[in-house]
**Q** 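Okay, here's the structure, questions in a sec.
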Amino acid sequence: MLLDIITIFPEYFAPLGVSLIGKAVQRGDIAVGVHDLRSWAHDPHKTVDDTPFGGGPGMVMRPEPWGEALDAVLGAADGRAQSPGGAPSAGGAQLIVPTPAGELFSQGIAAELAGAEHLIFACGRYEGIDARVVDYARNLMPVRELSIGDYVLAGGEPAVLVMVEAICRLLPGVLGNAGSAPDDSFGAGDGPMHGLVEGPAYTRPRAWRGLEVPDVLLSGNHGAIARWRRDAALRRTALTRPDLVARLPSAALSARDRQVLSQARFAVTGEDVAH
Ligand code: JA5
């Protein structure tokens, strides 16, 4: 997979050299290009922003450096793919634009994007990027405007780090333990934890500062352990993410699941547990 990131703060992406993604880059499983938008600004001050038409606070990113940046990054990828033709065109490239106005990024979208050949991330700053840049880019490649949650950031950079990590850990060989992806919270795929957050995890020592690990996890009874983990995931999801419980398909819930959930929901609603 090829990742290109366009930003006015290239140094923000130093973490991509670390940990799982850093190792995947070293192996050549992922190629990352981090590009300074100002290298496509041609005035002496390398200006990338201007005042908003129509008035209002703040500044807007000018379209010209963005247009040149997208053309250059697409053209370079075309060159690498040795595809024919003149004008830059997207050989499997998609543009991702982080914005609080976008579609909510999710595990499902991460899984879709993990199948892409080439992702280009456009990091806005100030009050955002001139809207014509996305209009222009839609003529070249698929474009997704994505939000990582309902809060305001000063720019798209931290959202891109989040999305890159969520996407790249799904690539074959990137996660050290291939078995740990399907059981994660939100259970990518259709494993037993699909649609739930994960319950608690424990390791040695068995007793620590007077706190004990649940006996079942030391029982060696794998059926009982799986059941306990599912119960714990259901209870925790009911407590902290009732929205996820509401979206579970009823076919995915056994009689035991329903019993665990109805008991958990007593606690959530604050109804009289003693009834
Ligand atoms: C701010 C110029 O989903 C949370 C997000 C906040 C935010 C994003 S994504 N992008 C920007 C931005 O500010 O580009």
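The basis for the numbers below is simple: all heavy atoms, side chains too, and nothing from hydrogens, waters or symmetry mates. Counting starts at 1 for both ligands and their atoms, in listed order.
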**Q** Once you restrict to heavy atoms under 4.0 Å, what part of Ile148 touches ligand 1? Side chain, backbone, both or neither.
**A** both
**Q** Check whether Leu2 and Ile5 end up in the same hydrophobic cluster, where Ile, Leu, Val, Met, Phe, Trp and Tyr are linked by side-chain heavy atoms less than 4.5 Å apart.
**A** no
**Q** Report the distance from atom OG of Ser147 to atom CE of Met163, rounding to the nearest 0.5 Å.
**A** 8.5 Å
**Q** What is the closest protein heavy atom to atom 5 (C) of ligand 1, and at what distance does it sit?
**A** Leu153 CD1, 3.7 Å
**Q** Who pairs with Glu165 by side chain to side chain donor-acceptor pair (under 3.5 Å), at least two apart in sequence or on another chain?
**A** none
**Q** For ligand 1, which atoms, with element, lie under 4.0 Å from some heavy atom of Arg125?
**A** 2 (C)
**Q** Pairs of nitrogen or oxygen atoms closer than 3.5 Å, one from Pro100 and one from ligand 1: do any exist?
**A** no
**Q** In the protein, what heavy atom is nearest to atom 10 (N) of ligand 1, and what distance, to one decimal place, separates them?
**A** Pro98 O, 3.2 Å
**Q** Tell me the nearest of Pro158, Ala101, Gly155 to atom 13 (O) of ligand 1, using heavy-atom distances.
**A** Gly155
**Q** Taking the side chain from Arg144 and the backbone from Phe105, do they hold a donor-acceptor pair closer than 3.5 Å?
**A** no
**Q** Asp150: what forms a salt bridge (Lys or Arg N to Asp or Glu O under 4.0 Å) with it, not counting sequence neighbours?
**A** none
**Q** Starting from atom 2 (C) of ligand 1, what is the nearest protein heavy atom, named by residue and atom, and what distance separates them?
**A** Tyr126 O, 3.3 Å
**Q** Exactly one of Val133, Ile96, Leu95 should register a side-chain contact (heavy atoms from CB on, under 4.5 Å) with Val143. Which one does?
**A** Leu95
**Q** Indicate, as side chain, backbone, both or neither, the part of Phe105 found under 4.0 angstrom from ligand 1 when only non-hydrogen atoms are considered.
**A** neither
